[in-house]
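Okay, so here's the structure we're looking at.
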Amino acid sequence: MEKKFKRVIPDDIRVEDLTPLNISCGSTKCNEDLHCFSLKKSALRKHDSERVCYQCGTDLIEWDRIHKNDIKDAKFIFKSMKNELIRHVFWHTPIEESALEFAHSRGKFELRIKAGKLLKTRIGKHNAFVDGRQTPLSGKEIISYAQHATATCCRKCLEAWHNIPQNRVLSDEQIEFCTNLVMLYISERVPNLKDQGVEAMVQLKK
Ligand SMILES: [Zn+2]
Ligand SMILES: [Zn+2]
């Protein structure tokens, strides 16, 4: 079961060459300070804690602060997430032309509505509890990029980063929080979309 997540990227592949297609949620490149903080029993066995990188045991995330799920603290949340290999790649990978075109044709207002609906069907409902492939790793969907980057792609990532247990239907408030994270990612990666200010209607902390 656990095996399919163990994808240590070979040393001769540079981080810059990693794309959404050659990594998975459990990928690590610990020697370059890019880890995986997914909750794993093996981390507990090996390192006495699930809240560390399961490969190398590094403990560098301020979980108490992250788990407040305070959208005003999004900058800190995103900075912390970039220590994880899969998030790092989705924050830095070039976005496909078709995804950019899609984002521009819709604008933030429409994207926000679509993101809320997608989050609800992909990760919000009962049938989303079993971790699957509910969020594609590539393609023209800008919202999918955003979900992987912000750990709102599946219930395992949601549990690790946002401390929301897997066996629960998401509340409207939780969907709103996830939608705001997605929209902040889109605003940063695709500047100059129409409908400025619709990303997260809060003042972010520095
Ligand atoms: Zn590590
Ligand atoms: Zn995930």
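Scanning for side-chain hydrogen bond (donor to acceptor under 3.5 Å, both in side chains) contacts around Asn192 gives an empty result, with sequence neighbours left out. Remark: Glu176 engages Arg112 in a salt bridge (Lys or Arg N to Asp or Glu O under 4.0 Å) (not counting sequence neighbours). Applying the salt bridge (Lys or Arg N to Asp or Glu O under 4.0 Å) criterion to Lys205, with sequence neighbours excluded, gives Asp70. Residues satisfying the side-chain hydrogen bond (donor to acceptor under 3.5 Å, both in side chains) test with Asp73, not counting sequence neighbours, are Arg65. Looking at residues two or more places apart in sequence or on another chain, you find a side-chain hydrogen bond (donor to acceptor under 3.5 Å, both in side chains) between Ser171 and Gln174. Take Glu16 and apply the salt bridge (Lys or Arg N to Asp or Glu O under 4.0 Å) test, not counting sequence neighbours, and it matches Arg14. Not counting sequence neighbours, Thr179 has no partner by the side-chain hydrogen bond (donor to acceptor under 3.5 Å, both in side chains) test. For Glu188, the salt bridge (Lys or Arg N to Asp or Glu O under 4.0 Å) criterion is met by no residue, not counting sequence neighbours. Judged as a side-chain contact (heavy atoms from CB on, under 4.5 Å), and not counting sequence neighbours, the contacts of Ala151 are Met81, Arg87, Cys157, Trp161, His162.
For the salt bridge (charged side-chain N to carboxylate O under 4.0 Å, His left out) condition, no pair includes a residue of residues 47-64, sequence neighbours left out.
In this structure, Val52 shares a hydrophobic cluster with no other residue, the cluster being traced through Ile, Leu, Val, Met, Phe, Trp and Tyr side chains under 4.5 angstrom apart. Through chains of ILVMFWY side-chain contacts below 4.5 Å, Ile113 is grouped with Phe109, Val198.
Here the closest heavy-atom approach between residue Ala103 and residue Val190 is recorded as CB-CG1, 4.2 Å. Closest non-hydrogen pair, Ser187 versus Glu199, comes out as OG-CB, 3.2 Å. Closest approach of Phe37 to Asn83, counting heavy atoms only: CE1-O, 4.0 Å.
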Apply side-chain hydrogen bond (donor to acceptor under 3.5 Å, both in side chains) to residues Lys156 and Gln166 and explain how you reach the verdict. CA-CA 7 Å; Lys156 270 178 178 296; Gln166 291 190 36; 5.5 Å; no
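Enclosure of atom CG in Asp172 is not indicated, since only 12 or fewer non-hydrogen atoms of other residues, nucleotides or ligands lie within 6.0 angstrom.
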